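To keep things clear, I will list the structure first and then write my remarks on it.
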Amino acid sequence: MAKVVSINISEKKGTIKVPVDKAEIKLNHGIVNDAHAGNWHRQISMLASESIDKMKQKGFNHLKFGDFAENITTQGIEVYLLPVGSKLRIGECKVEVTQIGKKCHSGCEIKKITGDCVMPREGIFVKVIKEGYIKINDNIEVLK
């Protein structure tokens with residue numbers, strides 16, 4: 001079963017995010033108190049822990065959840081394989097996939113440190129379609 005292993009927020013864009021135990025998710029906004037939230041198509045970013053493990057296998061063992069500026073770190077689901085338009089239930093919330101991958105900006109902290117970043121290739125972005133709260137260990141279900 002797919003689940004949430006970390007929830008991460010930051011006060012400024014382009015910085016490493018810090019973990020929190022739970023987060024409020026608002027419709028047309030994203031995660032309350034996160035710099036990337038707003039009324040646009042990239043309200044919340046998601047990255048699989050399995051993607052982070054790929055970077056660790058390259059020798060970057062110090063990397064931790066949130067270092068790729070992802071809001072939600074998942075386990076047990078290859079999020080980048082979900083087609084745009086896929087709907088997910090995360091705890092009591094629902095989100096819709098709006099974008100797979102992204103262009104890496106020049107100020108990326110991880111790329112500066114490691115020379116590579118998995119987020120542009122395997123990260124996804126979602127918008128909120130049902131608000132509520134999410135917490136660590138919430139199940140993630142792909143809806144039909």
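Here the structure is a predicted model, which means the values were calculated and not measured.
- Between the Q43 side chain and the V128 main chain, a donor and an acceptor come within less than 3.5 Å of each other.
- Of the possible donor and acceptor atoms, none in the side chain of N39 sits under 3.5 Å from a partner among the backbone N and O of H29.
- Annotation for K56: atom NZ counts as buried by contact number, over 12 foreign heavy atoms lying within 6.0 Å.
- Under a 3.5 Å cut-off, the side chain of D34 and the backbone N or O of S10 do form a donor-acceptor pair.
- A chain of hydrophobic side-chain contacts below 4.5 Å, direct or via other Ile, Leu, Val, Met, Phe, Trp or Tyr residues, connects M46 to L82.
- Between the NZ atom of K135 and the NZ atom of K3 there is a distance of 12.5 Å, given to the nearest 0.5 Å.
- No donor-acceptor distance shorter than 3.5 angstrom exists from the side chain of E122 to the backbone of Y80, with no hydrogens or angles considered.
- Salt-bridge check for K22 with D138: failed, with every basic side-chain N at 4.0 Å or more from each acidic carboxylate O.
- Checking side-chain atoms of T98 against main-chain N and O of H41 turns up a donor-acceptor pair under 3.5 Å.
- Atom CG of D53 is surrounded by more than 12 heavy atoms from other residues, nucleotides or ligands within 6.0 Å.
- Here the rule is side chain to side chain contact (heavy atoms under 4.5 Å, CB included) with K17, and of D67, N71, I9 only N71 fits it.
- Using a distance-only test at 3.5 Å, with no hydrogens or angles considered, no donor-acceptor pair links the side chain of Q75 to the main chain of I77.
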